[in-house]
Amino acid sequence: MPKNPRRLTALVSLGAAVALLAGCGTAADGGSDPDGGRPVVLTTFTVLADIAQNVAGDHLEVRSITKAGAEIHGYEPTPRDIAAASDADLVLDNGLGLEAWFSRFVDTADAPHAVVSEGIDTIDITGDAYAGKPNPHAWMSPRNVQIYVANIVAAFSELDPGNADAYAANGEAYAAELQAIHDELVAELAAVPENQRALVTCEGAFSYLARDAGLTEAYIWPVNAEQQATPQQIRRTIEFVDANDVPAVFCESTVSDRPMQQVVEATDAAFGGVLYVDSLSGPDGPVPTYLDLLRHDIDTITSALTGAAS
């Protein structure tokens, strides 16, 4: 995704603060030496941290730069984030242009770096200025995340060879859970009538899930950005909903649903609910884990499209 010059300037100005924090032993979450001597793995967002934690078990300390509920596309790194990157033993990121904000200082961190989406069969964005770029939300397919897991197992085994067997076993068990979620996705959405098999959201973050489930995808904007929901985008979405008799539309947890409410007001579609993509909730929230996120979204989409939620 295009780099924002103001963000790059901010990142450069943060560099001077790193020295002030480097000796403080502070983690990304502000804790003091919480890892107990275990190698530290730093991830860029909470979904990726949870996936990695399932592979790591008790052998590694996994942390996320962004916090629960954060919008990751336009995240502004802090001096504390830079210090955390400098202290990490391994850095994991999604890649596919998702974390452009992170690239400026992860390259200078004294730690190995692994891109977990390597090997994914990507889907290109088809709308607006991002057309032709790969959709970065590959984790919204549990089949894709089986590839993430294999990449994480390899990275962890290289970092900590003594526990390679444990990482392989954890990865195999988690991959089985992911396959079960995929099977559940296909089975539940198979109940949606053919003329209602459309998934309309605020951001175009569901291309991979829609592909897995055999749904047609539509959205107001392709990628979360500073400026979004133009009148043309809203009008185009209204036309799609009307033309396809879409029964329900959705929006993501990290953005305002006001633009989609305009679509609801202009059509016969209901607002089907909030979907989670870029961030988990807190421990007491509706999606404390990645598997919870998938189940929540599948249930919300299926209930709204079949009328079970009304």
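These numbers come from the heavy atoms of this one structure, side chains and all, not from hydrogens, waters or symmetry mates.
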Check whether any side-chain N or O of Q233 sits under 3.5 Å from a backbone N or O of T230 as a donor-acceptor pair, and report yes or no.
yes

A side-chain contact here means heavy atoms from C-beta on lying under 4.5 Å apart; do F45 and L98 qualify?
yes

Where do L159 and D89 come nearest, in terms of heavy atoms and distance?
CD1-O, 3.7 Å

Considering all heavy atoms of both residues, which atom of P136 and which atom of G95 are nearest to each other, and what is their separation?
CB-O, 4.3 Å

Would you mind reporting whether F206 and H137 have side-chain heavy atoms less than 4.5 Å apart?
no

Give a yes or no on whether the backbone of F156 and the side-chain of D160 come within a donor-acceptor separation of less than 3.5 Å.
no

Please answer: with hydrophobic residues joined when any side-chain heavy atoms are less than 4.5 Å apart, are I51 and V115 in the same cluster?
no

For residues D299 and E188, determine if any side-chain heavy atom of one lies less than 4.5 Å from a side-chain heavy atom of the other.
yes

Is there a chain of hydrophobic side chains (I, L, V, M, F, W, Y, each step under 4.5 Å between heavy atoms) that links I181 to L199?
yes

Donor-acceptor check, side chain of E203 to backbone of W221, threshold 3.5 angstrom: yes or no?
no

Under 3.5 Å, is there a donor-acceptor pair between the side chain of S281 and the main chain of V287?
yes

When every non-hydrogen atom of T44 is compared with those of I65, the smallest separation belongs to O-CB, 4.1 Å

Just do the side-chain contact (heavy atoms from CB on, under 4.5 Å) check on N170 and N54 with the steps written out, would you?
CA-CA 7 Å; N170 291 343; N54 277 274; over 6 Å; no

Run the ring-centre check on Y276 versus H296 and record whether the distance is less than 6.0 Å.
yes

Between the side chains of T267 and D242, is a donor N or O closer than 3.5 angstrom to an acceptor N or O?
no

With no hydrogens and no angle check, is any side-chain donor or acceptor of R63 less than 3.5 Å from a backbone partner on V41?
no

From OG (S141) to CG (D121), nearest 0.5 Å:
10.0 Å

Is there a donor-acceptor pair closer than 3.5 Å between any side-chain N or O of D50 and the backbone N or O of Y290?
yes

Inter-residue atom distance K67.NZ - L280.CG, 0.5 Å rounding
13.5 Å

Flag side-chain contact, heavy atom, 4.5 Å: V55 against V149:
yes

Which heavy atom of D212 sits nearest to which heavy atom of P142, and what is that distance?
OD2-CD, 3.9 Å

Smallest heavy-atom separation, H59 atom then A166 atom, equals NE2-CB, 3.6 Å

Please find the pair of heavy atoms, one from A52 and one from L92, that lie closest to each other, and give the distance.
CB-CD1, 4.0 Å

Find out whether L178 and R143 are in side-chain contact, i.e. whether some heavy atom of one side chain is under 4.5 Å from a heavy atom of the other.
no

Does any part of the side chain of M140, heavy atoms only, come nearer than 4.5 Å to the side chain of D297, both counted from C-beta?
yes

Exactly one of V277, I120, L294, L293 clears side-chain contact (heavy atoms from CB on, under 4.5 Å) with W139, and that residue is V277

Working to the nearest 0.5 angstrom, can you tell me the gap between D124 CG and T122 OG1?
5.5 Å

If you define the side chain from C-beta out and look only at heavy atoms, does anything of V249 sit under 4.5 Å from V264?
yes

In this structure, are over 12 heavy atoms from other groups packed under 6.0 Å from E172 atom CD?
no

Within the side chain of Y148, is there an N or O that forms a donor-acceptor pair under 3.5 Å with the backbone of N94?
no

So CD1 of I220 and CD1 of I238: to nearest 0.5 Å the spacing works out to 8.5 Å

Checking V116, V145, V62 against L48 for side-chain contact (heavy atoms from CB on, under 4.5 Å), the one that qualifies is V116

Should the heavy atoms of other residues, nucleotides or ligands under 6.0 Å from CD of Q179 be counted, would the total exceed 12?
yes

Is there a donor-acceptor pair closer than 3.5 Å between any side-chain N or O of E61 and the backbone N or O of P39?
no

Output, in order, the C-alpha distance, side-chain angles, deciding distance and verdict of side-chain contact (heavy atoms from CB on, under 4.5 Å) for T237 and V200.
CA-CA 8 Å; T237 307; V200 181; 3.7 Å; yes

Exercise: do D292 and T289 side chains pair donor with acceptor under 3.5 Å:
yes

R197 side-chain N/O to A213 backbone N/O, donor-acceptor pair under 3.5 Å:
yes

Non-hydrogen side-chain atoms of L60 and Y167 separated by less than 4.5 Å:
yes

When you compare the side chains of Q146 and H182, does any donor N or O come within less than 3.5 Å of an acceptor on the partner?
no

Could you tell me the separation between the CG atom of L185 and the CZ atom of R295, rounded to the nearest 0.5 Å?
12.0 Å

Distance from M260 atom CE to C251 atom SG, nearest 0.5 Å?
6.0 Å

Tell me, with the steps shown, if T201 and L275 meet side-chain contact (heavy atoms from CB on, under 4.5 Å).
CA-CA 9 Å; T201 57; L275 303 178; 4.0 Å; yes

Start with the C-alpha gap between T300 and F250, add the side-chain angles, then the distance that decides, and say whether side-chain contact (heavy atoms from CB on, under 4.5 Å) holds.
CA-CA 9 Å; T300 300; F250 309 87; 4.1 Å; yes

Looking at Y208 and I123, would you say the former's side chain and the latter's main chain have a donor-acceptor pair under 3.5 Å?
yes

